[in-house]
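Here is the structure we will look at.
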Amino acid sequence: RGLSTPAGCEARSDMSELHDEISDLLSEEGEDRFSSALEARKKAMDFLARREYGQTELIRKLADKGFDRDVAEQAVAQLTADGLQSDQRFADSFVQSRINQGKGPVRIRLDLTQRGIADSTVEIALEEAAPEWYALAREQRVKKFGEATPAEFKEKARQMRFLQYRGFEQDHIQSAFGPEIAALDA
């Protein structure tokens with residue numbers, strides 16, 4: 001009942017043409033979107049609204065979302081010029097976050113360098129945070145292993161490896177064991 005065969009074929013043909021036309025429009029719009037500096041800027045601002053990012057990390061995230069690398073670099077450079085993105089602000093935030101997690105300066109430096117932050121920026125962020133690394137190392141050791149200093153060398157070595165993994169320097173690690181450490185070495 002309803003449509004005869006020729007009219008039904010004609011309706012399907014019209015739908016197919018409409019579908020093809022919509023697909024073409026969508027693909028053209030999608031292609032333009034990923035080469036548009038404005039769209040890249042909007043997406044970068046969406047990322048920055050959630051947390052701080054370094055330039056390198058932000059460019060990589062935009063490229064991962066499909067934006068052309070040149071467009072992503074241009075958008076991030078403009079955000080930096082406008083003061084909306086700052087490697088120093090990112091480094092400051094990152095350092096404070098890692099200190100709160102009980103990480104040491106070696107680990108923090110390594111993590112920031114891997115994220116493309118310049119060494120000078122990393123050092124400024126570490127100096128500005130100015131934590132008491134010795135106290136932090138001791139606090140982390142006590143939190144993980146308790147107040148008592150290890151009686152056996154094997155246990156002391158295990159605790160030292162833990163602090164080393166957390167990113168503390170050797171003098172921070174030594175001080176985390178207090179004055180009793182000299183007796184174990186003898």
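Numbering starts at 1 and runs along the sequence shown. All heavy atoms count here, side chains included; hydrogens, waters and symmetry mates do not. Since the structure is predicted, the reported quantities are computational estimates derived from the model, not experimental observations.
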(request) Nearest 0.5 Å please: distance from the OG atom of S86 over to the CG atom of L48. (result) 10.5 Å
(request) Any chance you could measure L126, atom CG, to Q96, atom CD, to the nearest 0.5 Å? (result) 10.5 Å
(message) For Y134 together with F168, are the ring centres under 6.0 Å from each other?
(response) no
(request) With sequence neighbours excluded, tell me which residues meet side chain to side chain contact (heavy atoms under 4.5 Å, CB included) with D46. (result) K43, R50
Do [X] and [Y] have side chains that approach each other closer than 4.5 Å (heavy atoms only, starting at C-beta)?
{"X": "Q85", "Y": "Y53", "value": "no"}
{"X": "W133", "Y": "E169", "value": "no"}
{"X": "H172", "Y": "R138", "value": "no"}

(request) Go through Q78 and R41 one step at a time and tell me if the side chain to side chain donor-acceptor pair (under 3.5 Å) criterion holds. (result) CA-CA 8 Å; Q78 187 59 49; R41 180 183 169 91; 5.9 Å; no
(request) Could you check E73 against Q55 for side chain to side chain contact (heavy atoms under 4.5 Å, CB included), going step by step and ending with a plain yes or no? (result) CA-CA 8 Å; E73 288 173 357; Q55 279 189 350; over 6 Å; no
(message) Using the rule that Ile, Leu, Val, Met, Phe, Trp and Tyr join whenever any side-chain heavy atoms are under 4.5 Å apart, tell me whether M45 and V71 fall into a single cluster.
(response) no
(message) Are V106 and I99 linked, directly or through intermediate hydrophobic residues, by side-chain heavy-atom contacts shorter than 4.5 Å (ILVMFWY only)?
(response) no
[X] side chain to [Y] backbone, donor-acceptor under 3.5 Å:
{"X": "Q159", "Y": "R141", "value": "no"}
{"X": "R98", "Y": "P105", "value": "no"}
{"X": "T80", "Y": "V76", "value": "yes"}

Could you tell me which non-hydrogen atom of [X] sits nearest to which non-hydrogen atom of [Y], and how far apart they are?
{"X": "A75", "Y": "A37", "result": "CB-O, 4.0 Å"}
{"X": "L62", "Y": "F47", "result": "CD2-CE1, 4.0 Å"}
{"X": "Q174", "Y": "M160", "result": "NE2-CE, 3.2 Å"}

Just list the side-chain donor-acceptor pairs under 3.5 Å for residues 114-124, sequence neighbours left out, or say none.
{"unit_1": "R115", "atom_1": "NH1", "unit_2": "D111", "atom_2": "O", "d": "3.4"}
{"unit_1": "E123", "atom_1": "OE2", "unit_2": "R109", "atom_2": "NE", "d": "2.7"}

(request) Output all residues satisfying ring pair (Phe, Tyr, Trp, His ring centres under 6.0 Å) with F90, sequence neighbours left out; order by chain, then residue number. (result) F94
